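The structure under discussion appears below in the form of structure tokens.
Just so it is clear, the model here is predicted, and its values are computed rather than measured. By convention in this document, chain letters (A, B, ...) are assigned in the order of the sequence lines, proteins followed by strands, and residues within each chain are numbered from 1.
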Amino acid sequence: MRVGLFIPCYVNAVFPEVGVATCKLLDYLGADTGYPLDQTCCGQPMGNAGFENGAAGLAGHFDALFESYDYVVSPSVGCTSFVKENYPRIREREGHTCGTSGKIYEVCEFLHDILKVEKLPGRFPHKVSIHNSCHGVRKLHLSSASELNIQPFSKIKGLLSLIGGIECVEPEKTDECCGFGGMFSIEEPAVSVCMGQDKLYSHIATGADYITGADASCFMHMQGIAKREKRAIRFIHVVQILASGL
Amino acid sequence: MSEEHAKNAARFLANKEQEQWHNETLWQVRGKRDRLAMAIPEWETLREWASGIKMHTLSHLDRYLEQFAANAEANGVKVHWAKDGEEHNEIVYGILKERGVKKLVKSKSMLTEECHLNPFLISKGIDVVESDLGERILQLMDEPPSHIVMPAIHLKREEIGALFEEKLHTEKGNSDPAYLTHAARLHLRQEFLTADASMTGANFGVAATGDVVVCTNEGNADMGTSFAPLHIVSMGMEKLVPDYQSLGVFIRLLARSATGQPVTAYTSHYRKPRKGCEMHLVIVDNGRSRTMEMGDHRRTLKCIRCGACMNTCPVYRRSGGYAYTYFIPGPIGINLGMLRSAKTYAGNLSACSLCCSCNNVCPVKIDLADRIYAWRQSLDRLGKADRIKKGMSKGLKFLFSHPALYRLSLRLAPLLRYMPRFLMYNRLNGWGKGREMPEFANESFTEMWKKGKVKTHTNQRSHE
């Protein structure tokens with residue numbers, strides 16, 4: 001199984017250890033992992049700002065770059081769902097069929113649904129508060145959305161339960177937005193910061209040592225607030241916990 | 001690059017206590033909605049059906065409108081057609097004038113708000129009295145609604161106590177809800193008894209029977225229509241459902257979604273005028289048929305005005321209804337504003353973090369957040385794109401289209417850590433207002449990979 005790794009810009013520059021943990025896991029689980037060096041961005045920032053057409057070239061480049069892989073795996077919920085949901089339309093406008101939207105997976109989704117991981121070494125003897133990011137819940141269905149009358153599930157909790165010693169909790173308003181939203185955080189700074197504070201405080205109120213989740217972009221925002229307000233809680237991506245014994 | 005909504009929201013948020021109270025009050029309504037939705041095993045199926053019935057009805061609207069109007073006429077109701085708000089207002093005024101109406105008592109109607117009916121009638125000398133308690137409070141304050149179902153939700157009882165003291169001469173300093181409600185009831189009772197005409201909106205129009213269905217909790221619509229000899233209904237043409245069976249689906253969804261009640265206290269069917277009285281029905285287009293031609297945006301017409309999207313919206317709860325420039329706020333209001341006039345109301349498009357919670361609570365499954373995303377794509381064409389945002393997007397596009405340049409910037413990014421604080425945190429940096437900037441790692445992932453620091457079988461092979 002050839003897996004092409006897509007490391008989005010913010011993970012690349014701010015959270016490289018999330019990329020490293022992703023690699024470790026894929027490697028441990030036997031995937032033949034490659035990292036095409038010419039990758040840049042999926043185009044989500046332009047799309048959300050209202051310039052989706054500006055992402056057309058990037059989508060073509062992305063498709064070509066990952067053409068030879070069976071799967072594309074990325075440790076980013078937002079970027080994965082952008083490719084999955086919007087690339088087919090963007091590519092079609094240019095007269096092409098999208099090659100990647102059907103084979104891209106967010107890493108937790110990939111571990112859970114494709115590799116169907118049942119065992120992992122390692123212990124993480126801490127209390128963690130799970131950050132259910134919006135697109136993880138409502139686009140990629142990593143967990144059941146609180147608004148829907150469906151059987152509750154959480155792929156993230158399922159994966160974390162493979163690790164010894166961990167205690168998972170969730171904040172009040174379990175899947176309310178933290179207020180990052182890409183361009184939203186800059187366009188609506190007052191509301192965005194208020195949402196971030198509320199979310200951060202609700203995570204802290206659980207008494208957890210760490211906030212964990214599948215979307216490090218939310219972390220950038222909440223971490224920025226925690227740092228400004230000198231709050232002690234730490235942030236760790238799910239894959240870092242899963243790879244802790246490797 | 002602050003949009004209008006962002007500026008207004010910042011003002012609302014300046015009063016932290018009010019923001020928290022507003023946020024939590026509406027969240028409680030979302031909680032009530034959840035409890036009732038979860039109690040019905042077939043809830044998601046009902047939503048699916050409701051969406052399907054609405055799309056079907058909208059796709060055959062000509063047929064259903066004809067059927068509805070024919071049935072209504074056969075029942076003795078006089079049907080009028082209004083192409084826009086102005087025509088609607090003229091028709092209503094015409095009916096009132098002909099009969100020498102001096103006082104009109106109204107139940108809640110977002111459509112008459114959309115058409116600006118009240119100021120028009122008042123300018124013609126008609127005494128217009130809103131009879132929904134929330135609407136009456138706002139009318140006395142001369143303010144618009146801040147929510148479509150709970151119009152005065154932003155007000156605290158002390159404010160209402162003070163208002164009633166001045167307008168209805170209630171006891172000084174008494175803001176007991178039961179006392180104030182009783183005072184409003186006595187006041188409104190007089191208005192009902194002395195009105196010459198009544199007006200209601202319409203939650204649904206049933207094509208098969210010609211019924212107009214009005215859902216209220218206060219019974220005010222029924223008080224109005226039961227006293228006055230003339231009843232005028234103002235109805236948007238998208239309000240139709242085919243028959244009673246389909247109506248049942250919506251009645252089960254509406255109150256549960258709106259306020260977390262199994263059903264509204266009153267679900268009244270108006271089919272024909274009372275003996276010796278008159279009933280008129282004004283069916284309004286006002287841009288709806290144009291919306292039908294707007295591709296995927298036509299889905300917005302499925303809306304049954306329950307307000308659930310507002311209650312769940314994390315941005316609405318923290319910015320209040322008045323932060324939006326269109327009279328309907330929240331996710332549905334952003335969309336309806338764009339349909340009304342994209343150029344005028346584009347300033348609301350920033351009020352969405354694309355969290356998509358609205359999509360999930362919507363009883364008719366309008367993809368509200370995706371619609372907002374789609375509207376954002378049209379801003380540039382409308383000449384409404386923010387210059388800074390456009391510049392940033394162009395810059396990013398350039399950077400991301402040149403992999404070597406991108407890799408170089410990844411290598412140089414850690415140097416930003418040595419930038420003096422005053423250069424990084426100033427009024428130009430919206431991010432820095434309540435947050436520290438993200439800190440770049442010493443080495444990017446790409447750098448690590450290239451140096452063979454990321455151990456995988458593949459990487460090891462390529463570096464052996």
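For the pair B:Pro438 and A:Met220, the tightest heavy-atom approach, listed with the atom from each and the gap, is CG-SD, 3.7 Å.
Taking CZ of A:Arg138 as the reference point, atom SG of B:Cys358 lies at 9.0 Å (rounded to 0.5 Å).
In this structure, a donor-acceptor pair under 3.5 Å is present between the side chains of A:Ser192 and B:Arg435.
By the 4.0 Å N-to-carboxylate-O rule, B:Arg318 lies close enough to A:Glu176 to be salt-bridged with it. In this structure, B:Glu24 pairs ionically with A:Lys173, as a charged nitrogen and a carboxylate oxygen lie closer than 4.0 Å.
Taking the six-membered ring for Trp and thresholds of 30 and 60 degrees, B:Trp449 and A:Tyr35 have ring planes inclined between 30 and 60 degrees apart.
The greatest number of non-hydrogen atom pairs below 4.5 Å with chain A, out of B:Gly430, B:Ala37, B:Pro314, B:Cys355, is found for B:Cys355.
A:His135 places a side-chain N or O within donor-acceptor distance of the main-chain N or O of B:Leu354, the cut-off being under 3.5 Å. Between the side chain of B:Arg407 and the main chain of A:Leu37, a donor-acceptor pair closer than 3.5 Å is present. Using a distance-only test at 3.5 Å, with no hydrogens or angles considered, no donor-acceptor pair links the side chain of B:Asp380 to the main chain of A:Phe51. No side-chain donor-acceptor contact under 3.5 Å links A:Glu52 to the backbone of B:Gln377.
Residue B:Leu13 touches chain A through its side chain alone, counting heavy-atom pairs closer than 4.5 Å. Neither the backbone nor the side chain of B:Leu379 comes within contact range of chain A; no heavy atom of the residue lies under 4.5 Å from a heavy atom of that chain.
Counting heavy atoms from C-beta outward, B:Arg47 and A:Leu148 have side chains that approach closer than 4.5 Å. Two residues are said to be in side-chain contact when any heavy atoms from C-beta on lie closer than 4.5 Å; B:Cys356 and A:Lys139 meet this criterion.
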